[in-house]
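Shown below is the structure under consideration.
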Amino acid sequence: MILRFPPIVMLLVGLALWTNPLLSSFCHGQTTTWDGKHDTSIIKLTVVYFVPADRNPLVDWRDRVDYYCARIQRFHQREFQGQSRLDVTVHPTPMVSKWTTSELRRGDANAIFFKTLSEIDQRLEVGMANDDGFPIVLALSDINHRPLDDFFRLAWKDGRAEFEGIVTGGNHFPGSALGGARATYLADRGIGWGLVSADGWRVPYRGSDCVIYHEGLGHTVGLPHPEPGNRSVMSRAQYHGWINESWIDDDQKKRLGWKPTEPKQDPQIELFTQFRARPEPPQPQPGQMATLKLDVPDAATVKSLRARFQTAIDGPWIDVDTSTDAGEAHPIELGVFDRPTPVSYRVDIETEGGREQLWGYFQVRDADDSPPQPIEFKSDLAKPTVLGPAVIADPPGEEIDLLDGLELDSCFKTGKWSRQQRAIQSNKQYGVRLELPYTPPPQYRITVVAEPLDVPNGLLLGLRKGDRRFVVLVNHTSGRDASTALENVDGKNVGNDTTFIGDLFKQNRLSQIVATVHGSGVTVTVDGRLVIDWKGSADQLSLSDYWKTPNDRSLFLGTYDCAYRFHRVTVEPL
């Protein structure tokens, strides 16, 4: 029987599919990003090992990166049953930054995220989503947001090296407050950005692979944290186990376009899901045998087994005896350690169903509350003086988020301003401005992450020094080379002694502008590059009538002949 519908019905169905990409994805059997804008039936993930200029890459960095890539690929395959395919490319060499560790750490965790991903983005030129797949860039950084010995899990506090980490029942999990993992989904560009700091991957804590997927594959396609929280990979999985012990909630997968199917019997996926290698006891004492208890599928016959461990992140991997009888997986005796020490381990197993690898970590301790101490402090902890704000020229106070709770309807504004989820957006028009309900202290730092949506033209930060208002004008073109300057200095606008000539912005690419108002002047950096360093007094500054707003004590944002999306506007009192 052939059903025939009236033309108007067919037209309405067609319009629904055309205007609702999420509905269209269900009809065509493809997965999409959370908002339905981009096809994710193929995801192209580029993984970069990012190393500051003053650091040496890990000797075995590629082994560690490849391990995590295999883990998240297997998990993605299991969760989506082929409806979304994850292709992973590892950048062949460590990407050595142009910035040193202390330069990267200037600012908060958001700043280090943006600086890292901006540099990678500019050097790799990863394109927008297309028929080849949805692109994601994931940085595995060699450092944390703040100094931390991630192998010993120690940080300086009040002149002492104290434990800084998450441990439950002797099991160690990633998630230090000094870490700084971040991710974002850039819908308009059709790309995802993720960063996992050293705490999340360099040392294989139980749950580190969950962090890799959570930031690198979850938030980068728009997946939120589920409510209420649970042990899924987009919630608290990293605090409970390896990624094979976790999942993605079905309702989240359905929102992405996944269709429930009867899972096929796959010995490799079964091995991935069930294989575990847990230390027994979880936290052995010196002189006590450290053993790994293995879990394998019930019917699996072990063909080969290999186990290794190391007691320093830059130390050798030591093989241990893993002889098996009649294809069984007996507990592996790693050995007896004569003193407190951290231990990383890795186990390779082959059964008739496939091959799998699992990494883990534990600590040998004299007592539960007595973490091991290194013989000598290296890297981050070698010099306690570099801790925290000491690496920043002007130590900040508590950061204030000026976009959080901002009510556009109650603010003075010209032009058209709109809310785009957490960001705010201006229209393309001359003289657009938005007054922010905030009066800054005498010395402060304002950080703005902005994205030009048109061919870039002027972006303005309306600031205040002393009792004078002025603007930082960035990337003003108007038919000539781009100029950046303070307006007005001694009554002069663009062209004064603060003027920097050169393009700083690119359409649809995020940039970070940091302006610091201090006692002796004003400095401005764009994407970490110093473009203005003015020394002078407040009475040399002024604001033209063109840019004035009603409250002469408030900060404001301005745009000129270019629409901008503002992803972040924060102030740190100094």
Side-chain angles (χ1 to χ4, degrees), residues 44-55 57 65 89-130 132-143 145 180-197 215-216 220 423 447-457 459 474-475 477 481-484 500-514 524-532 562 564-568:
K44 297 286 189 179
L45 175 67
T46 300
V47 181
V48 176
Y49 174 35
F50 187 80
V51 183
D54 57 337
R55 296 214 175 198
V65 173
T89 299
V90 178
H91 192 63
T93 59
M95 182 175 287
V96 179
S97 175
K98 61 184 178 181
W99 309 107
T100 64
T101 301
S102 61
E103 288 171 336
L104 285 166
R105 282 176 172 156
R106 288 173 182 161
D108 61 4
N110 292 323
I112 198 172
F113 165 76
F114 177 77
K115 186 174 286 188
T116 300
L117 268 298
S118 292
E119 182 174 356
I120 293 173
D121 189 54
Q122 291 165 14
R123 290 168 67 172
L124 292 186
E125 292 288 345
V126 176
M128 293 183 64
N130 52 43
D132 294 333
F134 180 80
I136 297 173
V137 177
L138 173 61
L140 299 182
S141 178
D142 200 61
I143 62 170
H145 165 230
R182 294 287 190 276
T184 188
Y185 159 53
L186 304 174
D188 287 356
R189 283 190 59 190
I191 190 171
W193 279 4
L195 179 145
V196 175
S197 54
E215 302 293 352
T220 50
T447 300
V448 174
V449 175
E451 176 186 5
L453 305 180
D454 304 300
V455 175
N457 204 338
L459 179 143
V474 187
N475 212 89
T477 56
D481 292 337
S483 301
T484 298
F500 173 89
I501 304 297
D503 291 320
L504 296 174
F505 293 160
K506 186 175 181 179
Q507 185 174 356
N508 297 320
R509 173 175 289 168
L510 280 71
S511 283
Q512 182 186 59
I513 307 96
V514 179
V524 179
T525 65
V526 177
D527 295 336
R529 182 181 183 182
L530 182 65
V531 293
I532 297 175
C562 177
Y564 278 89
R565 181 174 292 129
F566 294 87
H567 295 266
R568 176 190 178 203

In Å, rounded to the nearest 0.5 Å, how long is the span from CG of Leu453 to SG of Cys562?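 The SG atom of Cys562 is 6.5 Å from CG of Leu453, to the nearest 0.5 Å.
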
At their closest point, which heavy atom of Phe134 faces which heavy atom of Ala129, and how far apart are they?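 Closest approach of Phe134 to Ala129, heavy atoms only: CD1-CB, 3.8 Å.
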
Worked check of side-chain contact (heavy atoms from CB on, under 4.5 Å) between Thr89 and Lys44: CA-CA 8 Å; Thr89 299; Lys44 297 286 189 179; over 6 Å; no

Quick one: which of Thr100, Val96, Leu104 gives a side chain to side chain contact (heavy atoms under 4.5 Å, CB included) with Pro52?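 Testing each of Thr100, Val96, Leu104 against Pro52, the sole residue satisfying side chain to side chain contact (heavy atoms under 4.5 Å, CB included) is Leu104.
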
Is Asn457 reaching over with its side chain to a backbone N or O of Thr477, donor-acceptor style, under 3.5 angstrom?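 Between the backbone of Thr477 and the side chain of Asn457 there is a qualifying donor-acceptor contact (under 3.5 Å).
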
List for me each residue that meets ring-ring contact (aromatic ring centres under 6.0 Å, His included) alongside Tyr49, sequence neighbours excluded, and say none if there are none.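 With neighbours one apart ignored, the set is Trp61, Trp201.
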
Is any side-chain heavy atom of Glu103 less than 4.5 Å from a side-chain heavy atom of Lys98?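 Not in contact.
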
What I'd like to find out is whether the side chain of Ile112 reaches to under 4.5 Å of the side chain of Arg105, using heavy atoms alone.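 Answer yes - side chains close enough.
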
For Asp481 and Ile501, indicate whether the former's side chain and the latter's backbone hold a donor-acceptor pair under 3.5 Å.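 Not at all, since once roles are kept as given, no pair shorter than 3.5 Å links the two residues.
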
Decide side-chain hydrogen bond (donor to acceptor under 3.5 Å, both in side chains) for Ser97 and Glu119; before the verdict, give the C-alpha distance in whole Å, the side-chain angles of both, and the deciding distance to 0.1 Å. CA-CA 8 Å; Ser97 175; Glu119 182 174 356; 2.7 Å; yes

For residues Phe500 and Arg529, determine if any side-chain heavy atom of one lies less than 4.5 Å from a side-chain heavy atom of the other.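 Yes - at least one pair of side-chain heavy atoms lies under 4.5 Å apart.
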
Exercise: identify the closest heavy-atom pair between Ala109 and His145: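 What the structure gives for the nearest pair is N-NE2, 3.2 Å.
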
Compare every heavy atom of Arg509 with every heavy atom of Pro452, then report the nearest pair and how far apart it is.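 For Pro452 versus Arg509, the nearest heavy atoms are CD-O, 3.4 Å.
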
Pairing residues for Ser511 by the side-chain hydrogen bond (donor to acceptor under 3.5 Å, both in side chains) criterion, not counting sequence neighbours: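 With neighbours one apart ignored, the set is Asp527.
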
Closest heavy-atom contact between Gly502 and Asn475?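 Looking at all heavy atoms of both residues, the closest pair is O-OD1, 4.1 Å.
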
Kindly give the heavy-atom pair with the smallest separation between Leu459 and Ala450, and that separation in Å.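 Looks like CD1-CB, 3.6 Å.
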
With a 4.5 Å heavy-atom cut-off, do Arg182 and Leu117 have their side chains touching?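 Arg182 does not reach Leu117 side chain to side chain.
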
Side chain to side chain contact (heavy atoms under 4.5 Å, CB included) with Pro135: which of Val126, Thr46, Leu45?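 With Pro135 as partner, Val126, Thr46, Leu45 yield a single side chain to side chain contact (heavy atoms under 4.5 Å, CB included), made by Val126.
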
Within-4.5 Å side-chain heavy-atom neighbours: Phe505 and Thr484: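 The answer is no; the side chains never approach within 4.5 Å.
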
Show your working on side-chain contact (heavy atoms from CB on, under 4.5 Å) between Val524 and Ile513 and close with a plain yes or no. CA-CA 7 Å; Val524 179; Ile513 307 96; 4.1 Å; yes

Please report the shortest heavy-atom distance between Arg568 and Thr447, naming the atom on each side.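 The pair with the smallest heavy-atom distance is NH1-CG2, 3.2 Å.
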
Under the 3.5 angstrom rule, does the side chain of His91 hit a backbone N or O of Val48 as a donor-acceptor pair?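 No, the answer is negative, given that no donor and acceptor are paired below the 3.5 Å cut-off.
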
Using the side-chain hydrogen bond (donor to acceptor under 3.5 Å, both in side chains) criterion, which residues pair with His567? Sequence neighbours excluded.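 His567 satisfies side-chain hydrogen bond (donor to acceptor under 3.5 Å, both in side chains) with Glu451 once adjacent residues are dropped.
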
Carefully, step by step, assess Ile120 and Leu124 under the rule side-chain contact (heavy atoms from CB on, under 4.5 Å). CA-CA 6 Å; Ile120 293 173; Leu124 292 186; 3.7 Å; yes

How about Trp193 and Leu195: do any of their side-chain heavy atoms sit closer than 4.5 Å?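 With C-beta onward as the side chain, the pair stays apart.
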
Rounded at 0.5 Å granularity, tell me how far CG in Leu140 sits from CZ in Phe50.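 One finds 12.0 Å between CG of Leu140 and CZ of Phe50.
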
